[in-house]
Each structure stands twice: as structure tokens, then as C-alpha cells.
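Report on one structure; see the data block that follows.
Each ligand, and each atom within it, is numbered from 1 in the order the structure gives.
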Amino acid sequence: MAFKPANNIQDLQYFGEFGGVNPSISDSSTYTFLSAKTMFDTFEGNADGCYLYSRHSSPSNLYLGEALAAMEGTETANVTASGMGAITPVIMQLCDAGDHVVSSRTIYGGTYAFLKNFTPRFNIETSFVDITKLDVVEAAIKPNTKILYCESVSNPLLEVADIAGLAKLAKKYNLKLVVDNTFSPLSISPAKLGADVVIHSLTKFINGSSDTVAGVVCGTQEFINDLRNVNDGACMLLGSTMDSLRSASVLKNLRTLHIRMQQHSHNASYLASKFEADGLKTVYPGLASHPSHELFKSMMNDKYGFGGMLTIDVESIDKANALMEMMQHKNLGYLAVSLGFYKTLFSAPGSSTSSEIPEDEQKEMGLSDGLIRFSIGLDADIERTYNVMRSCMEELSILDKRKQTELA
Ligand code: PLP
């Protein structure tokens with residue numbers, strides 16, 4: 001039977017302690033025991049169903065973790081206080097001093113900065129490569145490589161990783177394939193394609209209300225146990241624990257993710273086609289012109305579309321800034337970083353979320369000054385949104401009115 005990520009979430013049943021339809025929130029940092037022996041066994045990880053201390057685990061965090069594991073098709077998951085709080089312990093858990101990582105060069109700026117500037121302090125080096133070229137990825141693997149790291153759909157360039165192809169390489173060289181699936185929840189299920197570890201910044205589409213910073217690591221029971229180990233587990237010891245009140249609220253939002261993703265994808269697909277037809281340089285995995293359109297299609301869970309993220313290139317930072325300010329003024333969305341909100345969010349990644357990447361490297365990877373990244377919102381009337389966006393672009397001479405008449 002086909003893997004159905006949203007059904008897997010819906011099929012879970014958790015009740016509150018008084019029969020509430022939502023599980024009770026565990027509002028405690030510590031837990032009491034009737035016997036000292038059970039406390040010892042819990043500390044050693046040998047007492048199922050018992051809780052010791054909420055940095056290690058808590059009922060609310062376990063509920064959310066299990067729902068996200070069901071969505072990604074992994075054995076289990078560990079929720080964290082942020083997306084970076086998921087990414088950094090995974091890398092520190094899998095690498096010792098002297099190890100090496102092969103990473104996509106187009107990834108979220110914070111992850112890039114961690115691998116480029118922070119992990120070298122622990123003698124962990126990273127080679128950044130074009131992840132869309134499997135031969136280039138393979139050539140970068142060294143005897144001390146431990147991790148292949150990528151985003152399913154990359155931030156901000158929307159490059160698409162061939163997860164099954166990368167998983168084959170990971171198997172061949174005994175590496176762990178770690179995939180950040182933040183841009184494509186439900187649409188792509190990396191674990192089903194062979195990823196060993198799947199990470200999300202829950203801050204984005206999954207929570208969807210821009211009120212929380214949160215993350216998750218989905219993987220095998222063995223790996224999640226390793227992360228939580230009281231003696232040498234990176235999640236346990238680095239301490240990026242999610243608060244129970246927050247995990248309860250993310251769990252409630254997760255239940256509508258399938259409906260939201262369909263609307264984000266529908267709206268983004270509509271705008272991307274229109275922008276492209278208007279002659280704008282548009283990148284969206286759902287467009288036939290996207291170099292990895294067929295690859296995305298071959299990996300996707302059909303119903304959820306190609307996601308809510310698209311980019312356009314308006315050729316200069318000045319034009320990009322003017323357009324974003326005007327769009328905000330016309331209430332088309334917000335000039336803001338982050339993604340997955342009900343309102344459209346737009347930013348110029350070169351000077352914001354990817355500013356950690358040096359300018360020459362930005363150029364080399366195709367991250368130009370005039371690039372605007374859009375997280376398309378849940379607008380009920382996307383045609384109206386397009387018409388207002390188009391009038392802004394005409395006013396700023398981003399779209400040439402004459403050319404538009406000719407195209408029409
Ligand atoms: N991964 C991706 C793809 C992101 O876009 C971000 C944040 O923008 C992160 C990870 C980091 O997540 P957080 O801000 O929740 O730590």
C-alpha cells in the first residue's frame with residue numbers, strides 16, 4: 001500500500017487524562033517515582049513509559065515526535081527547540097574530530113555557517129558541492145567522510161536533491177544521508193527514498209503560524225536513543241529541548257498541514273506560471289523549465305504539489321527592495337524572512353537569510369543580487385493577488401507594459 005503521510009498523522013489517537021480529545025500537556029520539568037529502583041531503571045533507559053526529567057523527554061514532546069515520525073515514515077523522532085537545534089546535534093552526534101562532511105552548497109545560511117565556521121573548531125571539515133551532480137558528490141567523498149548533507153529543496157535556490165541517488169552513494173560508502181525537508185513537508189518523504197535522518201525546522205510550514213521556533217529529527221529508534229543518551233547524546237547534552245506547551249501547540253497545527261500545503265502549492269504554482277509567462281526569470285520546481293522538474297515529480301506525494309516556495313530575479317537589489325516595499329504597502333504580504341505563514345513572505349536572500357555565504361560564493365552558486373524569495377501564502381483569491389503584484393511590477397518598470405501587450 002502507498003505511503004500516506006497525512007493519513008498516518010490522522011490515524012494516531014491520543015487522549016487527555018480526563019478523556020480530552022487533545023492529549024494533556026505535561027507541565028512538569030521533573031517526575032516522581034514510587035520506588036528508587038524505578039528511578040534508577042528510568043535513568044538507565046530501562047523503564048518504558050516512565051519519565052525522569054523533561055530535557056530528556058516529556059509526554060507532550062513524545063506525542064509530537066511520534067506524529068512527525070508517522071508523517072515521515074521513520075521509527076521515531078525527537079523534537080527540539082529550533083531547526084538549528086535539530087541540525088547541529090545530528091552533525092555533532094555523527095561526526096568525531098577528524099571526520100568530514102559532504103554537503104550541498106546551497107543550504108540555509110545558518111547551516112552553511114555552522115559547517116563552514118563552527119565545526120572546523122572541532123576538526124570536522126566540510127566539502128560544499130553541487131548536490132544535483134551525483135558524480136561531483138561521489139568525487140568529494142573521502143575515507144573519513146561520515147555524512148552526506150542536503151535539503152530536499154534547497155534554501156534559497158530551490159535546487160532539488162536526488163534523494164534515492166544520494167542514498168545509493170551513502171550506502172556504497174557507509175555514510176549517513178541527512179536530509180533537511182523543511183521546504184517540502186508532505187510533498188517529499190525523504191526516508192521513503194532512503195534518507196537515514198530527516199530534519200525539519202518546524203518554525204516554517206509545519207507549525208505554519210509564525211509564532212514558534214521549533215525543530216525535529218526523525219530517524220531510527222537507535223539513532224534517536226543515541227541523541228537522547230544521558231552520557232553522550234548531543235540532544236540531551238547540548239540541551240536544545242522544546243518546551244511542552246509549545247510542542248502541544250505545534251501538534252494541533254500539524255493536523256491541518258495537508259490542507260495548508262495543498263493551498264500553498266496551488267497558489268505558488270499559479271503565480272509561478274504567470275510570472276514566467278510575463279517574462280520574469282522564475283524558479284519553481286513545478287515549472288517544466290525547472291532543471292529538476294521531472295526528478296521532483298518522480299519523488300513527490302502527488303496531492304501536495306510542488307510546495308509554496310518560488311523565486312524571481314528582478315536583476316538588481318534596488319529593484320528587489322523597491323518591489324518588496326511596494327508589495328508590503330499594498331498588503332500583498334510581509335517583507336520578512338522565514339516561510340510557511342498564511343500571508344505571503346518575501347525577502348532578498350543575498351542580504352538576509354544567506355548573507356552568511358560570502359559574496360563570491362553566492363555568485364558562483366547563482367545567488368544573484370536581485371533574487372527575491374517568496375513563501376506564498378494561503379490567499380483565497382490568488383488571481384487578485386497576481387493582478388496587484390503585476391501592477392506593482394509595471395509601476396517599477398520590472399515588467400515592461402509594452403512588452404506585456406505584445407505577449408498578450
Ligand atoms: N533549515 C532550513 C531549510 C531553514 O530555512 C531554516 C531557517 O530558516 C532552518 C533550517 C533553521 O531553522 P530554525 O530557524 O527553526 O532554527
Please output the residues near ligand 1 using a strict heavy-atom distance under 4.0 Å, listed in chain and residue-number order. S82, G83, M84, I87, Y108, E151, N155, D180, T182, F183, S201, T203, K204, V213, A214

Indicate the ring-plane relationship of Y386 and F275, choosing parallel, tilted or perpendicular according to the 30° and 60° boundaries. tilted

For the pair Y14 and Y63, name the ring-plane relationship: parallel under 30°, tilted 30 to 60°, perpendicular over 60°. tilted

Establish, yes or no, whether a centroid distance under 6.0 Å links the rings of Y51 and H56. no

Centres of the H290 and F296 rings: under 6.0 Å? no

Contacts of type side chain to side chain donor-acceptor pair (under 3.5 Å), residue T132, not counting sequence neighbours: D130

Hey, are K172 and E138 close enough for a salt bridge, meaning a charged N less than 4.0 Å from a carboxylate O? yes

